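Below is one structure, written out as structure tokens, with a few remarks after it.
Sequential numbering from 1 along the given sequence is applied to the chain's residues. Everything quoted here is computed from the prediction, not taken from an experiment.
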Amino acid sequence: MNGKYALALILALQVSMSLCEIPEPEKELVDKYEGMKSVFYKRLMNAFAKIQAAAGPTVEKISESEQGHATKDYIENMQNNPHFKSAVKIATGFAHEAAPLVDKARTAGLGLYGTYLRPHIGTYLDSAINHIKVYLDKFLPAE
């Protein structure tokens, strides 16, 4: 009876270990992902610059009012607050510590996608992304 339990335990461990092996993503898939990510960030920065340029005159008008001065003083006091500075340092440190974990998770996700999903839905997803790019280039250009 104990032999059966030992055999079942060994088989269960082998199955769990085989599930822990995450395939590495293909170089082509990683390059495609990095390219799309960089274009996405360019789109966001371009949109932010447009919003900032459009909101600039309005912010200038608001800063001339008494309430605008009070808001500006509050923000300056907040930036000089040691509690706020320490919270910013903690958040920055956390972001730096989490970056390798995020990269590892991204690599694992791309590996799983490339191995198990891409053969089935890769062409459909690529086609959908290309159709969406047309509208993004029209309404949210990268340059």
Candidate list Asn130, Val134, Leu136, test side chain to side chain contact (heavy atoms under 4.5 Å, CB included), partner Ile132, passing option: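 Going through Asn130, Val134, Leu136 one by one, the side chain to side chain contact (heavy atoms under 4.5 Å, CB included) with Ile132 is satisfied by Leu136 alone.
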Could you pull out the closest heavy-atom pair between [X] and [Y], with the gap in Å?
X: Ala53; Y: Pro57; value: O-CD, 3.6 Å
X: Leu29; Y: Gly114; value: CD2-CA, 3.9 Å
X: Pro23; Y: Thr115; value: CG-OG1, 3.1 Å

Scan [range] for pairs that pass salt bridge (charged side-chain N to carboxylate O under 4.0 Å, His left out), counting only residues two or more places apart or in two chains.
range: residues 95-121; result: Glu26-Arg118, Glu28-Arg118, Asp103-Arg106
range: residues 107-117; result: none
range: residues 129-143; result: Arg43-Asp137

Would you check if Pro141 and Lys50 make a side-chain contact, meaning some heavy-atom pair closer than 4.5 Å?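 Yes - at least one pair of side-chain heavy atoms lies under 4.5 Å apart.
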If you round to the nearest 0.5 Å, how far is [atom2] of [Y] from [atom1] of [X]?
X: Leu110; Y: Glu34; atom1: CG; atom2: CD; result: 8.5 Å
X: Leu44; Y: Tyr41; atom1: CG; atom2: OH; result: 8.0 Å
X: Ile121; Y: Tyr113; atom1: CD1; atom2: OH; result: 5.5 Å
X: Thr71; Y: Ile75; atom1: OG1; atom2: CD1; result: 6.5 Å

Flag yes if more than 12 heavy atoms outside [X] fall under 6.0 Å of its [atom1] atom; otherwise flag no.
X: Glu66; atom1: CD; result: no
X: Lys37; atom1: NZ; result: yes
X: Met45; atom1: CE; result: no

Determine, stepwise, if the pair Thr92 / Lys89 fulfils side-chain contact (heavy atoms from CB on, under 4.5 Å). CA-CA 5 Å; Thr92 305; Lys89 285 182 183 179; 5.7 Å; no
Suppose we screen for side-chain hydrogen bond (donor to acceptor under 3.5 Å, both in side chains). Which residues come up paired with Lys42, at least two apart in sequence or across chains?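 None.
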Kindly write out the residues that satisfy side-chain hydrogen bond (donor to acceptor under 3.5 Å, both in side chains) with Asp31, not counting sequence neighbours, or none if the list is empty.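 Asp31: side-chain hydrogen bond (donor to acceptor under 3.5 Å, both in side chains) contacts with Lys27.
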Between Leu112 and Ile22, does a side-chain contact (heavy atoms from CB on, under 4.5 Å) hold up when you go through it step by step? CA-CA 7 Å; Leu112 291 172; Ile22 297 174; 4.1 Å; yes
Write out all pairs satisfying side chain to side chain donor-acceptor pair (under 3.5 Å) with one or both partners inside residues 78-88, taking only residues at least two apart or from two chains.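 As it turns out, there is no side chain to side chain donor-acceptor pair (under 3.5 Å) pair with a partner in residues 78-88 once direct neighbours are skipped.
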Consider only side-chain heavy atoms of I, L, V, M, F, W and Y, link residues closer than 4.5 Å, and tell whether Leu140 and Val39 are in one cluster.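 No.
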Are Tyr33 and Leu117 connected in a single hydrophobic cluster, I mean Ile/Leu/Val/Met/Phe/Trp/Tyr linked by side-chain heavy atoms less than 4.5 Å apart?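 Result: yes, single cluster for both.
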